[in-house]
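A, B, ... follow the sequence lines: proteins, then strands. Residue 1 opens every chain.
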Protein chains: 2
Amino acid sequence: MVATIKDVAQQAGVSIATVSRALNTPDRVSLAAQSAVQAAIAALGFRPNLIGRQLRADKTGLIGVMLPTLSNPVFAECLQGIEQAALAANYRVLLMTTHYRADREQHALETLLNQRVDGMILTVAHAAQHAWLDRLEDLSVPYMLVYNQCDARPCVSVDNRAAAAQGVTELLLRGHRHIAMISGQLQASDRAQQRYQGYCDAMRAAGLVPGEPLEIDFESADLPPELVGRLTGPDRPTAVFCGNDRLAILVMRRLLARGLRIPQDVAILGFDGLEIGELLAPALATVSQPNADIGARAMERLHGWLDSGQRLASLVLPHGIRRGGSIHA
Amino acid sequence: MVATIKDVAQQAGVSIATVSRALNTPDRVSLAAQSAVQAAIAALGFRPNLIGRQLRADKTGLIGVMLPTLSNPVFAECLQGIEQAALAANYRVLLMTTHYRADREQHALETLLNQRVDGMILTVAHAAQHAWLDRLEDLSVPYMLVYNQCDARPCVSVDNRAAAAQGVTELLLRGHRHIAMISGQLQASDRAQQRYQGYCDAMRAAGLVPGEPLEIDFESADLPPELVGRLTGPDRPTAVFCGNDRLAILVMRRLLARGLRIPQDVAILGFDGLEIGELLAPALATVSQPNADIGARAMERLHGWLDSGQRLASLVLPHGIRRGGSIHA
DNA sequence: CTGAAAGCGCTAACAG
DNA sequence: CTGTTAGCGCTTTCAG
């Protein structure tokens, strides 16, 4: 059906080796052969089968990307950055999402490994203790973590703990003393834990007792009533720090619907820096991360690693504080 | 380094054929051999090289997905749906984005073809006349278009023209007579053209003269001043229909910043049904599409095609009208 | 139930 | 500069 290098060789009246050379090292082929091959390629509509090439070369030019979800624009933006950089480095992207589930992480990693991707860009639940990451190291498969932050692994992230502390300090500076933190399940995300640490740091530095984190499912579409009760009841906090912008948006919606005024009755601070937050009313204040950059830089570093064989260190990118109507009038 | 089927065979004291069978058709292998092979696999940490399998089978289990951008959540949500359905059907996703550029469309299609994906899910600029799509048909590579809507091709989409007309009719019902349409470049998107047609249909049905479309780059981060001038000047429209939600959000922001009240001074209607629009103030009214479903259904149909060899017809999914504060108080 | 051998499409020695 | 050949890892006849 579809033409192979053999057909081209026959059509052009040369050997398959010459065709291969004409394709890969044109300078080592006579002009006559070169043009005969080109003509044959055009006539047959030949396109090189990358599978054959990959098997032979033991390299695929594929980068495996594993992210929790694309419904959170944080990861979509990051993936956009990865894809951009991958294109520049002439790699292709194989995508898998895990929805914060360990079984899907495992399945994805296994699949990517079997597909013999040249390298991986991953966000995992817990970078520090992760049997599969250890396995990647054993196999010396180059990989970069994004969003995860962990001394022992190559990561591209912001300094989650410091960033969270700085964000909470903004709330403290505005006079808040009763500040709650809402987070996705700590057990499903080391970043969530680090951000909680940062919250604790800032509270303690101000001589306050940090509250327990109020956990909620990362992918839930709304707040559980119990949580809404705590945020609107008599003992409610005057400010809420949310572990990510998606949660912050859910909280804002629910509290506004309950008739609370933001920021007068309660201030809201997010984490991520989603663009869309700026368009909300009030505009969402947030600790911002350079999401597309995180992806792009991770891909660039992975490319360097793949090129040089040299494992690269982690990269901490600067975070920002975006002030907005949700924390001050 | 990494174990192959040969190593497993040696370790287990059987032939490579038996190993292969133990992997693929365990029932055709004796229990003794089976367990010897399993032991060897575990001992060596063997994982089957899919590249070898793919070359042999002339099937990759890969689905090529080509979308304009992931910065627009419409496509991220769609991709999420695709990925979900691909997982269920045991396919993997190879992702490329085009940023509405013809050269990148071409490059992506070429790459996917060379990588021998089993099928493709695509959004192209213009489905009707598209040389590469014709090429796919010639090669009988199964593909499904998403968002594009075109009689001659297999598409999963809403009825763009009817949906747009229905949306504009909502504005007409509220007494608007001077309704402008803002759109991404018509030349880069057949959907944009169809939606403009729908706008024209509704206007004419009301005895009004449709305006020329006001074009703006799909990926621009803000409105050009010239356009802002037209929307705020003395002859400004009382309602604006935007070809997608992202544009609508930009327009809302700009006009609010200029001191216009929405919807009293100007009503805004979007197209896409992004969730986030509900959280804006005022909430964005929009013509909604089932984005994740569009992706998932496209993948399911592609799977059917791949399974049966039977090309499947297009699927038109229902759209919705989401009323919101941006068109009525 | 098992093994030997061919071959998927391609590249890279190795000879000439 | 060019052709012959081996072989990447795997599945699948075809014999036994």
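Look at CG on B/Leu50: it is 10 Å from C1' on D/dC10, rounded to the nearest Å. Atom CG in A/Leu23 sits roughly 8 Å away from atom P in C/dC10 (whole-Å rounding). Residue B/Gln54 contributes atom CD, which lies 17 Å from atom C1' of C/dG7 at whole-angstrom precision. Per the geometry, CG belonging to B/Asp58 stands 21 Å off P belonging to C/dA6, to the nearest Å. Going from atom CZ of A/Arg47 over to atom P of C/dC10 covers 12 Å, rounded to whole Å. Taking atom CG of B/Asn114 as the reference point, atom C1' of C/dG9 lies 13 Å away to the nearest angstrom. Between the CD atom of A/Gln10 and the C1' atom of C/dG9 there is a distance of 15 Å, rounded to whole Å. Between the NZ atom of A/Lys59 and the P atom of C/dC10 there is a distance of 17 Å, rounded to whole Å.
Proximity of B/Leu133 to B/Leu145: side-chain heavy atoms (C-beta onward) are separated by under 4.5 Å at one or more points. Counting heavy atoms from C-beta on, the side chains of B/Leu312 and B/Met144 come closer than 4.5 Å.
An OP1 or OP2 oxygen of D/dC10 is reached within less than 4.0 angstrom by no side-chain nitrogen or oxygen of B/Ser20. Proximity of B/Ser30 to the phosphate of C/dT2: a side-chain N or O atom is located under 4.0 Å from OP1 or OP2. A/Arg53 has no side-chain polar atom (N or O) that falls below the 4.0 Å cut-off from OP1 or OP2 of C/dG9. The shortest distance between the side-chain N/O atoms of B/Lys6 and the OP1/OP2 oxygens of D/dC10 is not below 4.0 Å. The phosphate of D/dC10 has neither OP1 nor OP2 within less than 4.0 Å of any side-chain N or O from B/Asn49.
Of the candidates C/dT2, D/dT11, D/dT2, the closest approach to any side-chain atom of B/Ala33 belongs to C/dT2. Of all nucleotides listed (D/dC8, C/dC10, D/dG3), D/dC8 comes nearest to the side chain of A/Leu55. Listed nucleotides D/dG9, D/dG3, C/dG3 differ in distance to A/Thr18; the shortest reach to its side chain belongs to D/dG3. Counting only heavy atoms from C-beta on, B/Ala17 has its side chain closest to C/dA4 among D/dT2, C/dA4, D/dC10.
Positionally, the nearest nucleotide of DNA chain D for A/Gln34 lies more toward the 5' end than for the other of B/Ile5 and A/Gln34. Each of B/Ile16 and A/Ala57 lies near DNA chain C, and the nucleotide nearest B/Ile16 is the one positioned closer to the 5' end.
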Could you check B/Ser71 against B/Glu219 for side-chain hydrogen bond (donor to acceptor under 3.5 Å, both in side chains), going step by step and ending with a plain yes or no? CA-CA 9 Å; B/Ser71 302; B/Glu219 301 212 75; 5.0 Å; no
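A salt bridge links A/Glu137 with A/Arg311: at least one charged nitrogen is closer than 4.0 Å to a carboxylate oxygen. With respect to the salt-bridge test (charged N to carboxylate O, under 4.0 angstrom), the residues A/Arg153 and A/Asp134 qualify.
Residue side chain A/Arg21 reaches the base of D/dG3 through a donor-acceptor N/O pair under 3.5 Å, judged by distance alone.
Taking a 6.0 Å sphere around CG of A/Asn90, one finds it holds 12 or fewer heavy atoms contributed by other residues, nucleotides or ligands.
Across all strands shown, A/Ile51 has no heavy atoms under 4.0 Å from either base or sugar-phosphate atoms.
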